[in-house]
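All values below come from the heavy atoms of this structure, side chains included, with hydrogens, waters and symmetry mates left out.
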Amino acid sequence: MNDTSNNPRPSNFIRQIIDADLASGKNGSRVATRFPPEPNGYLHIGHAKSIVLNFGIAQDYHGTCNLRFDDTNPAKEDIEYVESIKQDVQWLGFKWTHLYYASDYFDKLYDFALQLIKLGKAYVCDLSFEQMREYRGTLTQPGKDSPYRNRSVAENLGLFDRMRKGEFPDGSRVLRAKIDMASPNINLRDPTIYRIKKDAEHHQTGSKWCIYPMYDYAHCLSDMLEGITHSLCTLEFEDHRPLYDWVLDVLKAPCHPQQIEFSRLNLEYTVMSKRKLTELVQKKLVDGWNDPRMPTIAGLRRRGFTPESIRDFCLRIGVTKADNIVEMSLLEDCIRNDLNERAIRRMAVLHPLKVLITNYPYDKVERLTAANHPQKAEFGNREIAFCAEIFIDRNDFMESPPKGFKRLIPGGEVRLRYGYVIRCDEVIKDAGGTVQELHCSYDAATLGTNPVGRKVAGVIHWVSARHAIRAKLRLYDRLFIVPNPDVQGSRENKDYTAYLNPDSLHINSVAVLEPALANAKPQDRFQFEREGYFCLDEQSPDGAPLVFNRTVTLRDTWAKSDK
RNA sequence: UGGGGUGUCGCCAAGCGGUAAGGCACUGGAUUUUGAUUCCAGCAUACCUAGGUUCGAAUCCUAGCACCCCAGCCA
């Protein structure tokens with residue numbers, strides 16, 4: 001197969017850091033990473049970049065990689081997301097060393113908070129949300145100390161204990177790290193590390209806790225507790241690194257993971273923020289998280305993408321700190337490249353036009369042999385029925401063709417793929433002038449061999465009208481009509497949904513397919529010759545009409561030309 | 001006007017002081033019973049700008065410029 005995951009992974013600046021650490025004997029020559037999603041949505045291809053990075057490094061350096069759910073905010077999380085994330089990581093082809101939840105550490109995290117208080121490095125603050133914002137200052141002005149900043153250790157201990165016991169309402173008090181209200185880095189202006197959430201039912205810990213740690217506090221300690229050596233995250237956390245280090249330093253942590261930031265993936269014609277993807281789902285602008293138009297792993301899977309192609313994509317885009325927006329053509333190349341190698345070929349006519357072969361015995365049926373893959377004999381052959389009535393695609397016939405048109409024209413010849421050469425003798429039209437049917441004649445001497453004395457340039461696909469099966473085809477196009485809905489939206493002061501592509505899904509219910517497709521199984525992938533790669537929808541129920549999703553079209557240099 | 005980042009071909013991205021990898025896209029051409037695949041060729045005297053150091057700079061220094069992130073009791 002065409003699995004690039006077996007190829008050496010390209011290096012990047014993070015691997016260079018690890019190489020240097022290994023060379024200097026840091027971390028006892030151990031490499032431990034983790035992939036830490038919050039279960040508040042489905043994974044998308046941006047997460048795949050992080051997954052391939054983290055798990056790939058663990059594989060290549062003979063290290064470990066944990067899957068850890070960063071589940072510190074029960075209000076936004078759900079067990080459905082936990083399950084989908086596990087499934088998606090596995091589907092991508094990775095095995096975690098350990099499965100953890102940040103909530104596994106809630107007891108330890110609480111004890112560390114007690115330590116912080118005893119060290120005089122944390123205090124309970126009674127400021128309201130609004131007051132807190134005022135006291136924080138602005139980007140250019142320093143903040144000012146909270147009036148509660150200098151409470152005694154005993155008072156802080158007592159208050160924090162009562163917070164834990166549920167004696168105070170949500171929002172009334174928080175535990176804050178005591179760092180520096182005048183820091184030019186806003187994240188260091190006494191950040192909140194614990195807040196009260198009394199009525200949230202946590203998907204893992206139930207109602208055991210009514211206070212929950214904040215990301216900045218929980219993440220570094222979780223990394224530490226797992227003995228992570230390299231904590232890889234995206235660029236927006238760069239400003240948080242001093243806080244990450246502060247917590248571990250103050251607590252004199254026995255292990256201090258190194259946080260390294262890389263830029264997140266942006267893909268043209270889609271959005272990648274979980275907030276926006278959630279909105280698309282909730283407002284039913286798409287048909288759920290696994291809608292094949294979504295950049296989610298579940299969506300790409302349903303669209304027909306292979307795990308190999310997504311891994312390949314993640315390797316090809318690289319890992320840097322530069323802002324980027326990757327063209328869709330790269331992702332398309334990855335899936336075409338993989339499917340070209342492994343997809344069985346079939347014929348499907350999307351816009352059927354009836355053709356009567358007038359000189360072929362009307363009642364005769366012939367079985368022709370067609371290769372399942374033109375370059376791979378080991379894929380075997382299948383038989384296709386041929387008779388006097390067939391369907392070809394309307395797009396393969398033109399009465400007044402542009403220059404260079406190689407398909408069927410009145411009086412012209414074309415090769416039927418894996419069949420005979422036919423000539424169009426007569427065009428039958430209805431009263432409105434629409435072509436209804438073509439009357440053609442076939443050349444019996446052209447099966448498997450070229451006619452002598454003349455060249456037939458075109459080859460078109462077809463199916464027997466008497467044997468064809470019907471199916472529903474879902475033809476997908478880009479979700480948005482502009483390359484960068486986020487940027488365009490803020491520039492034009494519009495919501496990104498204003499750029500949704502109204503034609504991102506086209507349903508074709510008239511397509512006719514060769515009968516061999518009847519026993520396709522959900523997720524089976526095919527190349528419909530000259531059309532594209534399709535996969536049987538995972539939700540096609542047994543017995544119901546087949547539904548195929550178009551993964552991607554074939555490259556089409558003819559359609560691209562000006563003609 | 002604060003802090004943190006980033007700037008190499010249309011897009012991604014190597015390069016780490018010795019004279020601009022690679023992939024995608026694009027453009028030619030060959031082969032082809034998929035206008036697919038495959039193959040072959042082309043595609044940055046140039047690295048945000050301006051100075052400087054050096055025999056030599058995308059790489060070092062200085063000063064600018066542009067863009068991204070940060071003022072959640074989100075992650």
In whole Å, measure the gap between the [atom1] atoms of [N] and [M] for me.
| N | M | atom1 | value |
| --- | --- | --- | --- |
| G5(B) | G42(B) | P | 42 Å |
| C67(B) | C61(B) | C1' | 24 Å |
| A20(B) | A58(B) | C1' | 8 Å |
| G17(B) | U59(B) | C1' | 6 Å |
| G18(B) | G23(B) | P | 24 Å |
| U53(B) | U62(B) | C1' | 11 Å |
| G3(B) | C16(B) | P | 32 Å |
| A13(B) | C47(B) | C1' | 13 Å |

Protein-nucleotide distance ([X], atom [atom1]; [N], atom [atom2]), rounded to Å:
| X | N | atom1 | atom2 | value |
| --- | --- | --- | --- | --- |
| Asn484(A) | G10(B) | CG | P | 18 Å |
| Arg15(A) | G15(B) | CZ | P | 13 Å |
| Phe313(A) | C11(B) | CZ | C1' | 11 Å |
| Ile317(A) | A14(B) | CD1 | P | 12 Å |
| Leu315(A) | C24(B) | CG | P | 14 Å |
| Asn266(A) | C12(B) | CG | P | 10 Å |
| Glu238(A) | G4(B) | CD | C1' | 6 Å |

- [ ] Identify whether NZ of Lys or CZ of Arg in Arg173(A) sits under 6.0 Å from the centre of the six-membered ring of Phe168(A) and within 45° of that ring's axis.
- [x]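 Relative to the ring axis of Phe168(A), which defines the angle, Arg173(A) lies inside both limits.
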TODO: Under the side chain to side chain donor-acceptor pair (under 3.5 Å) rule, collect the residues that match up with Arg394(A), sequence neighbours excluded.
DONE: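 Here no residue qualifies.
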- [ ] Only counting residues at least two apart or in another chain, list the ones meeting side chain to side chain donor-acceptor pair (under 3.5 Å) with Tyr81(A).
- [x]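 Partners of Tyr81(A) under the side chain to side chain donor-acceptor pair (under 3.5 Å) test: none.
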Open item on the list: My understanding is that only one of Leu109(A), Ile196(A), Thr205(A) makes a side chain to side chain contact (heavy atoms under 4.5 Å, CB included) with Tyr212(A); could you say which?
Closed with: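 Result for side chain to side chain contact (heavy atoms under 4.5 Å, CB included) with Tyr212(A): Thr205(A).
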Open item on the list: With side chain to side chain contact (heavy atoms under 4.5 Å, CB included) as the test, pick out the partner of Leu408(A) among Ile392(A), Leu416(A), Asp396(A).
Closed with: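 Result for side chain to side chain contact (heavy atoms under 4.5 Å, CB included) with Leu408(A): Ile392(A).
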- [ ] Just call it for Gln16(A): base, sugar-phosphate, or nothing, with non-hydrogen atoms closer than 4.0 Å on any strand.
- [x]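 Touches a base.
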Open item on the list: Using a heavy-atom cut-off of 4.0 Å across all strands, would you classify Ser11(A) as base, sugar-phosphate, or nothing?
Closed with: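 It contacts nothing in the nucleic acid.
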TODO: Both distances under 3.5 Å, Watson-Crick or G-U wobble: report the partner of A66(B), or none.
DONE: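 Partner of A66(B): U6(B).
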Task: Opposite nucleotide pairing with G42(B), Watson-Crick or G-U, both atom distances under 3.5 Å - done: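 Answer to the pairing question: C26(B), which forms a Watson-Crick or G-U pair with G42(B).
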TODO: Could you give me the CA-CA distance, side-chain angles and deciding distance for Arg478(A) and Thr270(A), then say whether side chain to side chain donor-acceptor pair (under 3.5 Å) is met?
DONE: CA-CA 7 Å; Arg478(A) 48 187 56 151; Thr270(A) 189; over 6 Å; no
Ring centroids only, cut at 6.0 angstrom: are [X] and [Y] within range, meaning strictly under it?
| X | Y | value |
| --- | --- | --- |
| Tyr148(A) | Tyr123(A) | no |
| Phe305(A) | Phe313(A) | no |
| His219(A) | Phe237(A) | no |

- [ ] Do nucleotides 25-38 of chain B as a string where each nucleotide becomes B, S or -: B if the base has a protein heavy atom under 4.0 Å, S if just the sugar-phosphate does, - if no protein is that close.
- [x] SS------BBBBB-
Task: Protein proximity profile, nucleotides 67-75 of chain B - base contact B, sugar-phosphate-only contact S, no contact -, cut-off 4.0 Å on heavy atoms - done: -SBBBSBSB
Task: CZ (Arg423(A)) with more than 12 external heavy atoms under 6.0 Å - done: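 No, CZ of Arg423(A) has 12 or fewer neighbouring heavy atoms, counting only those of other groups under 6.0 Å.
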Open item on the list: Within a 6.0 Å radius of atom CZ on Arg264(A), are there more than 12 heavy atoms belonging to other residues, nucleotides or ligands?
Closed with: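 Count not over threshold, so no.
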- [ ] Please list, by residue number, the residues of residues 41-54 of chain A whose heavy atoms come closer than 4.0 Å to an atom of RNA chain B; answer none if no residue qualifies.
- [x]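 Close to the strand, none.
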Open item on the list: Please verify the inter-ring angle class for Tyr496(A) with Phe480(A); under 30° counts as parallel, over 60° as perpendicular, anything in between as tilted.
Closed with: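 The rings of Tyr496(A) and Phe480(A) sit tilted, inter-plane angle from 30° to 60°.
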Task: Pairs flagged by ring-ring contact (aromatic ring centres under 6.0 Å, His included) wherever residues 320-351 of chain A is involved - sequence neighbours left out - done: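 Residue pairs with at least one partner in residues 320-351 of chain A: there are none.
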TODO: Taking syn as within 90° of 0 and anti otherwise, name the glycosidic form of G23(B).
DONE: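 Here the answer is anti: the torsion falls beyond 90° from 0.
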